[in-house]
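In what follows, chains are A, B, ... by sequence order, proteins preceding strands, each numbered from 1. Predicted model, so just to flag it, every value in this text is computed and none were measured.
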There are 2 protein chains.
Amino acid sequence: MSITMRDVARAANVSVATVSHVINDKPGARIGDDARRRVLDAVAELGYRPNALAKTLSQGGSRFIGLVADAIATTPFAGQIIHGAQDEAWRHGYVLLVANTEGNTAAENDAIAMMLEHQVRGILYSTWYHREIEVPALLKQTETVLVNCYSEDDAYPAVVPDEEQGGRTATEELIAAGHRRIAMVNTTTPSPAQTGRLAGYASALAAAGIDYDSSLVFEAESAQEGGYAIAPAVIASGAEGVFCHNDRVAMGLYDGLRERGLRIPQDMAVMGFDNQDVIAAHLRPPLSTVALPHYEIGAAGVRTLLGLETITGSDRLLVTCPPVVRASL
Amino acid sequence: MSITMRDVARAANVSVATVSHVINDKPGARIGDDARRRVLDAVAELGYRPNALAKTLSQGGSRFIGLVADAIATTPFAGQIIHGAQDEAWRHGYVLLVANTEGNTAAENDAIAMMLEHQVRGILYSTWYHREIEVPALLKQTETVLVNCYSEDDAYPAVVPDEEQGGRTATEELIAAGHRRIAMVNTTTPSPAQTGRLAGYASALAAAGIDYDSSLVFEAESAQEGGYAIAPAVIASGAEGVFCHNDRVAMGLYDGLRERGLRIPQDMAVMGFDNQDVIAAHLRPPLSTVALPHYEIGAAGVRTLLGLETITGSDRLLVTCPPVVRASL
DNA sequence: ATGAAAGCGCTAACAT
DNA sequence: ATGTTAGCGCTTTCAT
């Protein structure tokens with residue numbers, strides 16, 4: 001079928017061993033200038049391309065890293081994780097084997113089995129939103145790193161966003177914009193985001209010498225509908241600014257606020273969370289928010305898998321969520 | 001290192017050939033019930049897992065299909081294509097090798113080279129929005145199918161959305177809702193979507209016996225900002241309904257309409273296009289739109305590559321864009 | 001400085 | 001019904 005090393009060897013009038021040596025630029029190999037040139041020429045002429053599969057077979061241990069994702073089709077979040085993981089993997093000579101499971105356990109096991117059969121160096125198990133998961137038993141059979149999720153017992157290294165720092169940052173932005181009476185619209189869904197962002201909100205308030213007022217903390221379904229529905233309550237609270245659990249909630253809140261004649265940011269400053277692509281930059285006014293560093297999380301996942309990143313302190317690597325200031329405060 | 005077929009053979013007291021036969025359930029192989037049981041037991045006991053790489057090496061031709069995408073990190077569109085492609089690939093025993101290039105030519109060539117070295121059965125070259133592309137020269141070296149894009153000379157099979165049918169469907173929905181004076185907000189960007197959707201709009205009008213009125217056709221940047229800016233003009237046109245080039249434009253238009261006191265759909269019916277995840281279902285009111293069938297496009301791409309799908313007529317396989325009716329008309 | 005040969009884990013004739 | 005053996009394309013040790 002295709003051109004093999006043998007063909008090159010024959011064309012260059014050398015042995016396959018020699019070809020192998022020059023192609024891989026083997027350190028301790030003394031190849032004559034002439035032979036080297038002949039090989040290189042033959043490679044170019046024949047359009048030779050090494051067979052990566054054969055290579056890993058003979059070397060043992062492949063250059064694959066598996067990435068199982070639970071939802072690459074619904075949000076761009078998983079895409080960003082994949083992007084970061086891939087860039088980092090390539091940087092180290094690895095190729096990503098991606099599998100999308102859409103939360104289906106059977107698909108998940110198939111995916112992991114497939115990766116194992118392809119001799120992956122390890123597996124990155126990722127979720128599209130930060131949460132606790134039960135680690136599939138199959139993952140015991142290879143090195144694995146949890147990405148954007150973690151197991152209860154922290155039995156595996158995990159890379160997750162620093163929710164608390166993110167919540168603190170969001171609140172600090174509101175404070176820096178001159179507000180003191182700041183509401184928070186939290187999610188109704190129990191999650192690290194729910195507790196972490198709230199803790200960050202509280203700690204930023206405390207640091208600024210503002211009393212925590214529980215009547216300023218609301219809960220709403222974490223989507224546009226939730227934000228819209230909570231608008232009256234937020235207005236009634238007399239808040240000057242509000243930190244929303246995520247950008248979608250902020251988007252719904254925008255509608256609710258405007259419908260009641262409030263202007264953003266003059267009458268109410270709004271801060272989001274996630275920096276979600278299709279939304280944040282395009283609301284009116286553009287939404288200030290805190291970015292979820294998915295790209296960086298994916299990249300850090302690969303580094304952790306390859307033993308390039310050391311997780312100090314807890315067993316989770318916390319990645320910083322940077323502020324993205326636009327015009328809503 | 002790991003358990004090989006030899007280990008299983010030894011444990012079951014048979015030859016590797018026998019193991020291979022029972023594991024692959026080879027048709028024309030007569031294996032004694034006893035031997036078969038012993039092999040199966042040994043496999044289970046040792047936790048044997050076949051080495052997919054070795055397998056493809058000896059069989060020739062791997063089970064990989066490459067998918068190069070230009071933007072998996074920014075919209076969920078690419079994710080849906082990947083999802084569809086992966087499901088279909090798995091169904092036929094193939095594994096997807098995904099590479100994200102974010103439009104970078106160097107990354108693209110690296111990706112294709114990598115796939116070639118991994119002996120892919122073929123490559124799916126995809127873009128996140130439907131457009132004409134220049135096919136990378138490297139792709140000549142393998143079977144390739146264009147997904148959500150096409151080359152000027154149609155030198156490669158391509159799978160794309162049926163923009164014209166989509167535009168027609170969108171307009172028909174507006175007509176079915178009782179409107180006759182229907183505006184269209186087209187994009188300013190030259191593209192198959194621009195011409196196709198407009199053609200569909202015109203043809204639906206014609207079919208309903210409504211005169212095409214060029215003063216009802218507007219152009220706007222295809223994002224929220226464009227939709228917002230065009231709102232006054234659309235209102236001034238006296239249209240009862242408007243077909244927007246995409247959901248983001250519709251989202252901006254919503255703002256512009258409401259700001260001027262118009263209610264949707266009572267004062268103006270709105271139709272979108274794309275059925276974009278984070279937006280369409282969550283606007284107020286939920287947006288009626290036409291779905292871009294990315295999942296199906298990805299799946300059809302794989303089928304085309306495997307020769308399971310025959311492209312009749314032109315060299316492009318047109319995939320239908322189905323309507324998604326919600327509350328905006 | 002270069003080549004011969006063994007072997008990576010598996011499949012597929014071909015023997016027995 | 002089961003085993004032997006020769007590759008698949010490459011790397012690597014050991015000769016020469």
In degrees, rounded to 10°, what is the bend between the two ends of the helix from C/dA1-D/dT16 to C/dT16-D/dA1, using five pairs at each? 50°
So A/L306 and A/I65, side-chain contact (heavy atoms from CB on, under 4.5 Å) or not? Walk me through it. CA-CA 10 Å; A/L306 296 180; A/I65 289 179; 4.2 Å; yes
Pair up each side-chain donor or acceptor in residues 5-28 of chain B with any protein partner under 3.5 Å, not counting sequence neighbours, and list the distances.
residue: B/D7; atom: OD1; partner: B/R10; partner atom: NH2; Å: 3.4
residue: B/D7; atom: OD2; partner: B/T4; partner atom: N; Å: 2.8
residue: B/S15; atom: OG; partner: B/A17; partner atom: N; Å: 3.4
residue: B/S15; atom: OG; partner: B/T18; partner atom: N; Å: 3.3
residue: B/S15; atom: OG; partner: B/T18; partner atom: OG1; Å: 3.3
residue: B/S20; atom: OG; partner: B/N24; partner atom: ND2; Å: 3.4
residue: B/H21; atom: ND1; partner: B/A17; partner atom: O; Å: 3.3
residue: B/N24; atom: OD1; partner: B/K55; partner atom: NZ; Å: 3.2
residue: B/N24; atom: ND2; partner: B/S20; partner atom: O; Å: 2.9

Do A/N148 and A/T127 make a side-chain contact, defined as non-hydrogen atoms from C-beta onward lying under 4.5 Å apart? yes
Does a side-chain heavy-atom distance below 4.5 Å link B/N100 with B/V98? no
For a quick test of reading the model: is some side-chain N or O of A/T18 closer than 4.0 Å to OP1 or OP2 of C/dG3? yes
CZ of A/R30 versus P of C/dG3: gap in Å, rounded? 15 Å
Check the distance between C/dC8's C1' and B/R6's CZ and give it to me in whole angstrom. 10 Å
May I have the distance from B/L57 (atom CG) to C/dC10 (atom P), rounded to whole angstrom? 12 Å
Show me the pairs that pass ring pair (Phe, Tyr, Trp, His ring centres under 6.0 Å) and involve residues 22-76 of chain B, at least two apart or across chains. A/F64-B/F64, A/H118-B/F64
For the pair made of CZ in A/R63 and C1' in D/dC10, what is the distance, rounded to whole Å? 15 Å
Rounded to the nearest Å, what distance is computed from the CG atom of residue A/L53 to the P atom of nucleotide D/dG7? 21 Å
Calculate the interatomic distance between B/Q119 atom CD and D/dC8 atom C1'; express it in whole Å. 11 Å
Heavy atoms under 4.0 Å is the rule here; annotate nucleotides 11-16 of chain C 5' to 3' with B where the base is hit, S where only the sugar-phosphate is, and - elsewhere. BB----
How long is the line joining CD1 of B/I31 and C1' of D/dG3, in whole Å? 10 Å
Ignoring hydrogens and angles, write down the donor-acceptor pairs under 3.5 Å from the side chains of residues 66-81 of chain A, residues two or more places apart or on other chains.
residue: A/D70; atom: OD1; partner: A/W128; partner atom: N; Å: 2.9
residue: A/D70; atom: OD2; partner: A/R131; partner atom: NH2; Å: 3.1
residue: A/T75; atom: OG1; partner: A/F77; partner atom: N; Å: 3.3

Given side chains that start at C-beta, do those of B/Y125 and B/V135 come closer than 4.5 Å, heavy atoms only? no
Less than 4.0 Å between a side-chain N and a carboxylate O, is that true for A/R38 and A/E45? no
Under 4.0 angstrom, heavy atoms only, what part of the nucleic acid is B/D33 near: base, sugar-phosphate, or nothing? nothing
Within the structure, does a side-chain N or O atom of A/S15 lie under 4.0 Å from either OP1 or OP2 of C/dG3? yes
Would you mind reading off the distance between A/R37 atom CZ and C/dA1 atom C1', rounded to a whole angstrom? 18 Å
What residues, two or more places apart in sequence or in another chain, satisfy side chain to side chain contact (heavy atoms under 4.5 Å, CB included) together with A/D33? none
